[in-house]
Number of protein chains: 2
Amino acid sequence: MNAANLRARVRAEMTEEIKQVALRHLATDGANLSLRAVARDLGMASSAVYRYFASRDDLLTALIIDAYDAVGEAAEKAAASQADPVERWVTITHAVRDWAIANPHKWALIYGSPVPGYQAPQDTVVPATRVIFALAGAVQAGLATGRITEVPPQPAGRFGEEMAAVAEQFGTGVPPHLVGGVMSGFIHLCGAISGELFGQLNNTIDEDREGFFEWQMRAAAAFAGLA
Amino acid sequence: MNAANLRARVRAEMTEEIKQVALRHLATDGANLSLRAVARDLGMASSAVYRYFASRDDLLTALIIDAYDAVGEAAEKAAASQADPVERWVTITHAVRDWAIANPHKWALIYGSPVPGYQAPQDTVVPATRVIFALAGAVQAGLATGRITEVPPQPAGRFGEEMAAVAEQFGTGVPPHLVGGVMSGFIHLCGAISGELFGQLNNTIDEDREGFFEWQMRAAAAFAGLA
DNA sequence: GACATGCAAGAGCAGTGCTCTCGTTGTGGC
DNA sequence: GCCACAACGAGAGCACTGCTCTTGCATGTC
């Protein structure tokens, strides 16, 4: 609790406050975040914000990392709540979807089209994998409890080798072809949520989107071996 | 060839030219399209552009409709080139992916996060369905030639009813549960392409993305009955 | 020739990201 | 206890944006 720590804490609080206001703006005004508007809401000059974030992109990056962590945490929490592997998979996907529906602007931030001129820095790599790992954990549990019987078609050629490398990198003991199933399920999950949030389902599936979602996610689970 | 027609033709040409330059800007500068920059490129005042498009959003809408039509045409052309139902499905998905990779900014325009404050008008509804109909055509062909043997799990409850309504609306004679498979495949397709273009595959699948894509799309075809 | 229409240019408004400079204020080392 | 220094906030300013309004010009019609 020395002075340096105090100053750092005040700075951290200010940084957090800027992010919160920015999130509020993102939620109401859409993706074109105005730094000046954020500064106005905080009763400070726009130039003062630059003491905390070097640029608008820097602020966005901070928000993106937070969002990855939030959705990853939601997925992990859901995973911990279910013992049965199949239901764990389904619960994880529902948790991600619920989070996305509650925070559509944050979802767009991380899984929508990249912000113009914005290039995701290396900081975002690790938090981005938490959902995938949660899904892989369900498959791992399925393997451990002997629930996995059928297997998806073996990936062939270079792609098969790449899956083997990813399986190695994962280090979860999940065999390559199931890693492919996990990745495919993750992609399907992202597509289902983005399709729902970005309007691709409009005028086609308007009533029971949750039913459609779960139907797809159970199919994705089956493709990853979890039948 | 009276004067009015001539004027209309000149106007149409000018409109087309603005769209082309706007697309070029979209491709190089990303999604934040600057109307003034487009006007500069055309050697005209920014205010003159407003004679052709009421607003920047109007210009974007025109580009979105064009993009829907272009990707739809690519899908239909691919569909026509393949008689075998399964290969037709795969060929369609590859055609859509190829188009998206060749026109990533256009893909982001229609399947990425919605432009801030932009609400898709009713004009975009019909062209948006062309890819789905192409996929449904492959399933229809599979039904006609007796290629469809296994069926996906029946959609239950409200979602099942909704699928029945959509099947009716499609009018292609494809039964409800297979319509669900088509929709799921379309969603998976969108997710796979967006995941690839928007960077979700980075640091995981970097080599044989085409192999991963086709592996997924064959699984999606199987889920829609095309095994 | 008078009139009307379509078009383009220019000025102008309110907003943006970002930089620079200038005071102030709080902090750490002596 | 004092002083140098770093952190900070405010304000002005630059170049840019979407969009509006007015003006001038060219063309077609009566």
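Only this structure's heavy atoms are used, side chains among them; waters, hydrogens and symmetry mates stay out. What you see is a predicted model, and the numbers here were worked out from it, not measured in a lab. In the text below, chain A, chain B and the rest are named by the order of the sequence lines, each starting its count at 1.
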Interatomic distance, [X] [atom1] vs [N] [atom2] [rounded to whole Å]:
X	N	atom1	atom2	answer
A:N32	C:dA14	CG	P	20 Å
B:R56	D:dC16	CZ	P	17 Å
B:F53	D:dG18	CZ	C1'	16 Å
A:R9	C:dT27	CZ	P	12 Å
B:Y50	D:dT22	OH	P	17 Å
B:H25	D:dG18	NE2	P	10 Å
B:L33	D:dC16	CG	C1'	14 Å
B:L35	C:dG15	CG	C1'	16 Å

Listed in order of residue number, which residues of residues 36-44 of chain A have a non-hydrogen atom at under 4.0 Å from DNA chain D?
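A:R36, A:G43, A:M44 - these, ordered by number, are the residues of the stretch whose heavy atoms sit under 4.0 Å from the strand.
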
Would A:W107 and A:S194 count as having a side-chain donor-acceptor pair, cut-off 3.5 Å?
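On atom types as modelled, these side chains qualify, holding a pair under 3.5 Å.
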
Base, sugar-phosphate or nothing for B:L59? Non-hydrogen atoms, less than 4.0 Å.
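Nothing, no heavy atom under 4.0 Å.
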
Just call it for B:S55: base, sugar-phosphate, or nothing, with non-hydrogen atoms closer than 4.0 Å on any strand.
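Counting heavy atoms under 4.0 Å across all strands, the contact made by B:S55 is with sugar-phosphate only.
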
Can you find a donor-acceptor pair, distance only, under 3.5 Å between A:S47 side chain and D:dG11 base?
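Under the 3.5 Å cut-off, the side chain and the base do form a donor-acceptor pair.
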
Less than 4.5 Å apart, any side-chain heavy atom of A:M14 and any of A:M44?
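Heavy-atom side-chain distance check passes, below 4.5 Å.
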
With sequence neighbours left out, what residues match A:E162 under side chain to side chain contact (heavy atoms under 4.5 Å, CB included)?
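Partners of A:E162 by the side chain to side chain contact (heavy atoms under 4.5 Å, CB included) criterion, ordered by chain and then number, come out as B:I205, B:D206, B:E207, B:D208.
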
Report yes if a side-chain nitrogen or oxygen of A:S34 is closer than 4.0 Å to either non-bridging phosphate oxygen (OP1 or OP2) of C:dT16; otherwise report no.
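Yes, A:S34 has a side-chain N/O under 4.0 Å of OP1/OP2 on C:dT16.
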
Please identify each residue that fulfils salt bridge (Lys or Arg N to Asp or Glu O under 4.0 Å) with A:E196, with sequence neighbours left out.
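Scan of A:E196 (salt bridge (Lys or Arg N to Asp or Glu O under 4.0 Å), adjacent residues dropped) gives A:R97.
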
For residues A:V38 and A:A22, report the shortest heavy-atom separation together with the two atoms involved.
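Closest approach of A:V38 to A:A22: CG2-CA, 3.9 Å.
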
Could you pull out all residues at least two apart from B:R158 that satisfy side chain to side chain donor-acceptor pair (under 3.5 Å)?
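For B:R158 there are no side chain to side chain donor-acceptor pair (under 3.5 Å) partners, ignoring immediate neighbours.
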
Starting at CG of A:L60, measure out to CZ of A:F53 and round the result to the nearest 0.5 Å.
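With rounding to 0.5 Å, CG (A:L60) is 10.0 Å from CZ (A:F53).
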
Checking the side chain of A:R36 only, and the main-chain atoms of A:S46 only, is there a donor and an acceptor separated by less than 3.5 Å?
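Checking the backbone N and O of A:S46 against the side chain of A:R36, no donor-acceptor pair under 3.5 Å is found.
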
Pull out every protein N or O sitting under 3.5 Å from an N or O of nucleotides 5-7 of chain C, one pair per line with the distance.
residue	atom	partner	partner atom	Å
C:dC7	OP1	B:R11	NH1	3.4
C:dC7	OP2	B:R11	NH1	3.0

By the salt bridge (charged side-chain N to carboxylate O under 4.0 Å, His left out) test, which pairs, at least two apart or in different chains, include something from residues 62-72 of chain A?
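Non-adjacent pairs meeting salt bridge (charged side-chain N to carboxylate O under 4.0 Å, His left out): A:K19-A:D66, A:D69-A:R130.
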
